[in-house]
Amino acid sequence: MERVLIVSDTGTTLNIISRLLKEYSMAPLAVAASGSHCRRLLLETEFDLIIIDTPLPDESGSSIAEYAAETTDAGIILLVRGDMISDVDHSLEEAGVFVLPKPISPDMFYQSVRILAMFRRRLFLLQQENSKLLGRLEECRLVGRAKCLLVQHRALTEKEAHRFIEKESMDKRQSRKETAAQILSLYEDSV
């Protein structure tokens, strides 16, 4: 994780978190002293990790953690006083926010950062796979529509239309999606 945002108005906590991050070869990219400053930074920059030290001077840390969970893909750690941890809304945990008690245990902090990094990598891979599958689905839709138009306008069977698209794609050295788009533009414009 390279892009880290620390949200804290307490110098002591900020120093502890910065020191822990440096031990794990990470350095904070940005620091926000309030929720409103954090919201502005989230609009301007993408972060891999957001660490929120509660309470904040202008809003609860829970609300900014919820906002960050809804608007970013960042891993989020919310630091709460140990006696207040049971009062934290469980919807934050469902949103993927790690809630850790203060004072911070270096081992627990390190494990939380590692787990968040692992989940971010898995999420990234799943998003890539999802994009590939959506692309394939779009190609199938286009090819299916193009086959229907070939059947309708050229009196081909479905198998012949499929073969026509395959052959055109190979002959023109283009994807089936591009061939299907050309067929669609040719026949849909004439209707």
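Side chains included, hydrogens not; waters and symmetry mates left out as well; all remaining heavy atoms used.
Linking Ile, Leu, Val, Met, Phe, Trp and Tyr residues whenever their side-chain heavy atoms come within less than 4.5 Å leaves Leu149 and Val151 in two separate clusters. Under the 4.5 Å side-chain heavy-atom criterion for grouping Ile, Leu, Val, Met, Phe, Trp and Tyr, Val143 is not connected to Leu134 through any hydrophobic cluster. Placement of Met108 and Val113 within a single hydrophobic cluster is found when ILVMFWY residues are connected by side-chain heavy-atom separations under 4.5 Å, directly or transitively. Hydrophobic clustering (side-chain heavy atoms under 4.5 Å, transitive across Ile, Leu, Val, Met, Phe, Trp, Tyr) groups Ile115 together with Leu79.
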Worked verdict on Leu20 versus Ile104 for side-chain contact (heavy atoms from CB on, under 4.5 Å): CA-CA 10 Å; Leu20 289 172; Ile104 303 167; 3.9 Å; yes
Audit row: Val80, Leu100, side-chain contact (heavy atoms from CB on, under 4.5 Å) steps and yes/no: CA-CA 6 Å; Val80 193; Leu100 295 178; over 6 Å; no
Candidate pair Ser18 and Ile6, rule side-chain contact (heavy atoms from CB on, under 4.5 Å), full reasoning: CA-CA 9 Å; Ser18 295; Ile6 300 174; 3.9 Å; yes
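Between the side chain of Asp48 and the backbone N or O of Arg3 there is at least one donor-acceptor pair closer than 3.5 Å. Formation of a donor-acceptor pair under 3.5 Å by the Glu139 side chain with backbone atoms of Arg136 is not found in this model.
For Glu178, the salt bridge (Lys or Arg N to Asp or Glu O under 4.0 Å) criterion is met by no residue, not counting sequence neighbours. By the side-chain contact (heavy atoms from CB on, under 4.5 Å) test, Ser34 pairs with Ser36, His37, Pro57, Asp58, sequence neighbours left out. Residues satisfying the ring pair (Phe, Tyr, Trp, His ring centres under 6.0 Å) test with Tyr110, not counting sequence neighbours, are Tyr24. The salt bridge (Lys or Arg N to Asp or Glu O under 4.0 Å) check on Asp107 picks up nothing, with sequence neighbours excluded. Scanning for side-chain contact (heavy atoms from CB on, under 4.5 Å) contacts around Ser169 gives Ile165, Arg176, Thr179, with sequence neighbours left out.
For the pair Lys147/Leu150, no side-chain contact is recorded, criterion being any heavy-atom separation below 4.5 Å from C-beta on. Using a 4.5 Å heavy-atom threshold, the side chains of Leu92 and Ser62 count as touching. With a 4.5 Å cut-off on side-chain heavy atoms, Leu42 and Leu5 count as touching.
Around CZ of Arg19, the count of heavy atoms belonging to other residues, nucleotides or ligands within 6.0 Å exceeds 12.
A salt bridge links Glu59 with Arg39: at least one charged nitrogen is closer than 4.0 Å to a carboxylate oxygen. The existence of a salt bridge linking Glu138 and Lys177 is excluded, since no basic side-chain nitrogen approaches an acidic carboxylate oxygen closer than 4.0 Å.
Here the closest non-hydrogen pair linking Gly61 and Leu56 is CA-CD1, 4.1 Å. Closest of all the heavy-atom pairs between Ala146 and Leu184 is N-CD2, 3.8 Å. A pairwise comparison of heavy atoms in Ile77 and Ser112 identifies CD1-CB, 4.1 Å as the closest pair.
Residue Ile17 holds its CD1 atom at 12.5 Å from NZ of Lys22, rounded to the nearest 0.5 Å. Separating the CZ atom in Phe47 from the OG1 atom in Thr72 is a distance of 9.5 Å, to the nearest 0.5 Å. Taking SG from Cys38 and CD1 from Ile50, the interatomic distance works out to 6.0 Å, rounded to the nearest 0.5 Å. Once rounded to the nearest 0.5 Å, the distance linking OG1 of Thr10 with CD1 of Ile16 reads 10.0 Å. Taking NE2 from His162 and CD from Glu166, the interatomic distance works out to 4.0 Å, rounded to the nearest 0.5 Å. Residue Asp53 holds its CG atom at 4.0 Å from OG1 of Thr13, rounded to the nearest 0.5 Å.
No side-chain donor-acceptor contact under 3.5 Å links Glu168 and Gln182.
Of the options Ile64, Ile52, Leu49, a side chain to side chain contact (heavy atoms under 4.5 Å, CB included) to Ile76 is made by Ile52 and by none of the others. For the side chain to side chain donor-acceptor pair (under 3.5 Å) with Tyr187, the lone residue among His153, Gln152, Arg154 that qualifies is Arg154.
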Using a 3.5 Å cut-off and no angle test, enumerate the donor-acceptor pairs between side-chain atoms of residues 123-133 and protein atoms at least two apart in sequence or in another chain.
residue	atom	partner	partner atom	Å
Ser131	OG	Gln127	O	3.1

